[in-house]
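By convention in this document, chain letters (A, B, ...) are assigned in the order of the sequence lines, proteins followed by strands, and residues within each chain are numbered from 1. Source: prediction; values computed, not measured. All values below were derived from every heavy atom in this structure, side-chain atoms included, with hydrogens, water molecules and symmetry-related copies excluded.
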Protein chains: 2
Amino acid sequence: MEYTVQQLAKLAGVTSRTLRYYDEIGLLKPARAHASGYRIYGSKEVDQLQQILFYRELGVDLETIKQIITSPSFDDVQALKQHREKLLAERRRLEALIANVEKTILAKEGRIIMSDKEKFEAFKQQLIDENERKYGKEIREKYGDEQVNKSNEKVKNMTQAQYEEATKLGEEVLRVLHEAFLTGDPAGELAQKVAELHRQWLGYFWDHYSREAHAGLAQMYVDDERFKAYYDQKQSGMAEFLRDAIFIYTGKK
Amino acid sequence: MEYTVQQLAKLAGVTSRTLRYYDEIGLLKPARAHASGYRIYGSKEVDQLQQILFYRELGVDLETIKQIITSPSFDDVQALKQHREKLLAERRRLEALIANVEKTILAKEGRIIMSDKEKFEAFKQQLIDENERKYGKEIREKYGDEQVNKSNEKVKNMTQAQYEEATKLGEEVLRVLHEAFLTGDPAGELAQKVAELHRQWLGYFWDHYSREAHAGLAQMYVDDERFKAYYDQKQSGMAEFLRDAIFIYTGKK
DNA sequence: GCTTTACATTGACGTTACGTCAACGTTTAT
DNA sequence: ATAAACGTTGACGTAACGTCAATGTAAAGC
C-alpha cells in the first residue's frame, strides 16, 4: 500500500506540511520519489510515523525522536512497549492533577486549607525530574568539559525503557531516603544504600561517574531551593541528610 | 503572602521569564510594583497562576486563557470544576492511546491484523473535532462577515462543560446517522432526527443559525475529504446521506 | 487530445511561547 | 563599603510547524 503526502497526512491526522517538514529534517523520509518528484510512502513509513506520533505525544522533541528511530538497534516492538509504560505514567500524572484540582475545589469551598505550595505540586513533578537531569549536566560541565559532548549524546540516545528505569530508580531513592532519614544516621547501612541507588540513578545521565561530581551535585541539592523542596517533600531535612549520606559515601566527609 | 518573580516562579515550577512574559501580554499582572520597580505578586495572583497552569495543561492558548480569566463573569470554582472534567476527558484519550499501542503490539507480534487506518485512530479524534469547529467558522465568514466577531467570541468563551456536551452530541450524531443510513431514507424520521441533532451541535459553535449556512456546511462534508472520511468511517456513503438529510431538513431539496 | 480541477513541489515569511543573553539598577549579606 | 544575589528592560533566537506564492504534474471531464 502506497500513499502520497496528502493521503498519508489524512490517514495519520497530520498536515502535509508536517510530512514535508519531517522529510526535510530527515525524520521521516519517503519510501521513494515518483518520476514526477512526488513523495511516495509505504508500509514501513506508516509504522515509522506511528512511532513518531507516540514519541511526539509523549513530549519528545523531534531531533531526539530522529536519533532514536534511526538507530540501527531500534526495535519497534520494544519501543511500543516503552510507549505504553510512558503513557501509563502520563496517565498517573493526570490523575495527580485531577486530585489536585479536586483538592483546590475543596479549599475554595472552605472545607480544607491548602498552601500556596500545594496548589502547584502536581504541575511541578515532571519539571523537577527534568531540571535534575539538566543540573547533572551542569556539574559535568563544571568538572569536565571534555565529557559534555558524550554526555549530551548519552541523554539524547536514552531509550524510553531507560528513562522509565531511571524514573523508577529516582522514586526508589526518595522512598529509601525517607526510611534512612528516620534512622537519623547518614553513615548507616540504609543511608549508604540510598547513596548507592542515587549513584546508579546518575549512571543514566552521566557518561562517567566521579565521586567529586557526585558530592558536588549533592551539595547543590541543599543549595538550590528547587531540589531542596523536592527532597524535603516528605519531611524537612531530608535534602541535607541525603547530602551528608553522599558525602560519606564519596569519602568527602 | 507576597512573592517576587523568582519566588513565585519557583513555587509554581515556571521560569521568571514566563512570568515576565505573562505580565507583558497582560495575562498575569503583578499585584503591585515595589518602589524599585520589582514585580510583587500576592494571593490573588497565586490563584490566577494556578488557573492559568490548568488551562495551559489542557492545551488552551494564552490569548484564550487571558480572555477567559479576565472576564467579569469568571468564576474560579466553576472553572476548576471544568478543568476537572477536561482532565478526565484527557485521561480517557490517553486510555484510547494505551489501548491503541497495546493493539499495535499484538499486531506486531502477529496475533491480530491491524489496518494502516487503525494505527492512527487514537491520535486523530481530537484533531477532527477541532477541524470541524474551524470549518464551521469558515462558513460563517462566507455567509455573514458581520457575525464573525461574535462567533469568535462565543467559541473562545465556551466552557469546558459546554465543550464536553458538544463532543457528546457529536458522537450521538454519528451514531444515529449510522442507524438512519441503514434505513436508506434521507427524508425519514431518523434521518431528520440526525439533522436536528446536528443543528443542536452547531449551536455550540455558531452564534446565529441559518438554514443556508447549515446546508452549505453539509455540502462541505461531501466536498472536503477530511470530513467525508470522518462521516464515512462506519460505512461508505454516510457523508452524502447526511448531506441529503440536512438538505431536506433545511428545505434546500 | 485539450481543458479544467486537484494534487504535488520548493521557497520563504510568520506565529506562539518562551529560552537566552546583555547591560544595568536594586537588595541582601558580609 | 563591597560582593553576591536578585530584579529590570531590551532584543535576538528557537522549535515546530502554519500560511502563502509560484509553478509543475496527475487525474477527471468533455
Side-chain angles (χ1 to χ4, degrees), chain A residues 2-41 49 52-53 55-67 127 130-131 134 137-138 141 156 220 223-226, chain B residues 2-41 49 52-53 55-67 127 130-131 134-135 137-138 156 220 222-226 228:
Chain A
E2 293 195 326
Y3 303 93
T4 57
V5 165
Q6 192 67 273
Q7 289 169 340
L8 182 58
K10 276 194 220 163
L11 181 71
V14 299
T15 64
S16 54
R17 176 73 182 103
T18 299
L19 293 179
R20 273 188 282 266
Y21 181 65
Y22 289 178
D23 181 12
E24 179 188 322
I25 63 173
L27 176 58
L28 181 66
K29 306 299 269 185
R32 62 187 180 89
H34 187 269
S36 58
Y38 285 17
R39 295 172 173 83
I40 304 293
Y41 298 90
L49 181 55
I52 289 165
L53 293 185
Y55 280 113
R56 200 177 71 166
E57 177 66 34
L58 295 166
V60 184
D61 67 275
L62 300 186
E63 183 56 34
T64 303
I65 298 173
K66 179 183 167 188
Q67 291 181 354
L127 185 66
E130 284 171 1
N131 278 1
K134 179 179 171 184
K137 274 174 58 184
E138 282 181 353
E141 285 166 5
K156 284 181 179 174
M220 273 184 67
D223 294 341
D224 187 309
E225 267 299 314
R226 281 172 294 185
Chain B
E2 292 194 327
Y3 303 93
T4 57
V5 164
Q6 193 66 275
Q7 289 169 341
L8 181 58
K10 277 195 218 163
L11 181 70
V14 298
T15 63
S16 54
R17 176 71 182 103
T18 300
L19 292 179
R20 273 188 281 265
Y21 180 64
Y22 289 178
D23 181 12
E24 180 188 321
I25 63 174
L27 177 59
L28 180 67
K29 306 299 270 187
R32 60 188 181 88
H34 187 268
S36 58
Y38 285 16
R39 295 171 174 81
I40 304 293
Y41 299 89
L49 181 56
I52 290 165
L53 293 185
Y55 280 114
R56 200 175 71 167
E57 178 66 34
L58 294 166
V60 183
D61 67 276
L62 299 186
E63 183 56 35
T64 303
I65 297 172
K66 179 183 166 188
Q67 292 181 354
L127 184 66
E130 283 170 2
N131 279 359
K134 179 180 168 184
Y135 277 83
K137 274 175 55 185
E138 282 180 354
K156 285 180 180 175
M220 273 184 68
V222 176
D223 296 342
D224 186 311
E225 268 300 311
R226 280 174 293 187
K228 190 172 190 311

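- Listed here is the closest heavy atom pair of A:A12 and A:L53: O-CD1, 3.9 Å.
- A straight line from CD of A:E2 to P of C:dA8 spans 14 Å, rounded to a whole angstrom.
- Dashed line: the shortest gap from a side-chain N or O of A:R39 to OP1 or OP2 of D:dT25 is not under 4.0 Å.
- Contacts of A:Y3 classified as side chain to side chain donor-acceptor pair (under 3.5 Å), with partners at least two apart in sequence or in another chain: B:D116.
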Problem - Contact letters for nucleotides 1-6 of chain D, in which S counts primed atoms plus P, OP1 and OP2 and B counts the base, heavy atoms under 4.0 Å - result: -----B

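- Contact annotation: A:H34 side-chain N/O to D:dA26 OP1/OP2 distance is under 4.0 Å.
- One interatomic measurement links the two molecules: CG of B:D61 to P of D:dA16, which rounds to 19 Å at whole-angstrom precision.
- The side chain of A:R56 sits closest to D:dC17 out of D:dC17, C:dT26, C:dC18.
- Across B:A9 and B:S16, no two heavy atoms sit closer than the pair CB-N, 3.7 Å.
- The interatomic distance linking B:L53 (CG) with C:dA17 (P) rounds to 14 Å, in whole Å.
- Under the side chain to side chain donor-acceptor pair (under 3.5 Å) criterion, A:D23 pairs with A:K29, A:R39, sequence neighbours left out.
- Remark: B:T18 pairs with B:V14, B:T15, B:Y22, B:R56 by the side-chain contact (heavy atoms from CB on, under 4.5 Å) rule, at least two apart or across chains.
- Across residues 15-31 of chain A, A:T15, A:R17, A:T18, A:Y21, A:Y22 each have a non-hydrogen atom less than 4.0 Å from an atom of DNA chain D (numbered order).
- For the pair A:V5 and A:R20, the tightest heavy-atom approach, listed with the atom from each and the gap, is CG1-NH1, 4.1 Å.
- Of the residues listed (B:H34, B:Q7, B:R32), the one engaging B:E2 in a side chain to side chain donor-acceptor pair (under 3.5 Å) is B:R32, and it is the only one.
- Within the 4.0 Å cut-off from OP1 or OP2 of C:dA8, not a single side-chain nitrogen or oxygen of A:S36 is found.
- Expressed to the nearest 0.5 Å, how far CG of A:L19 lies from OG1 of A:T4 amounts to 10.0 Å.
- The interatomic distance linking B:Q7 (CD) with C:dT27 (C1') rounds to 12 Å, in whole Å.
- Residues passing the side chain to side chain donor-acceptor pair (under 3.5 Å) test with B:Q6, sequence neighbours excluded: none.
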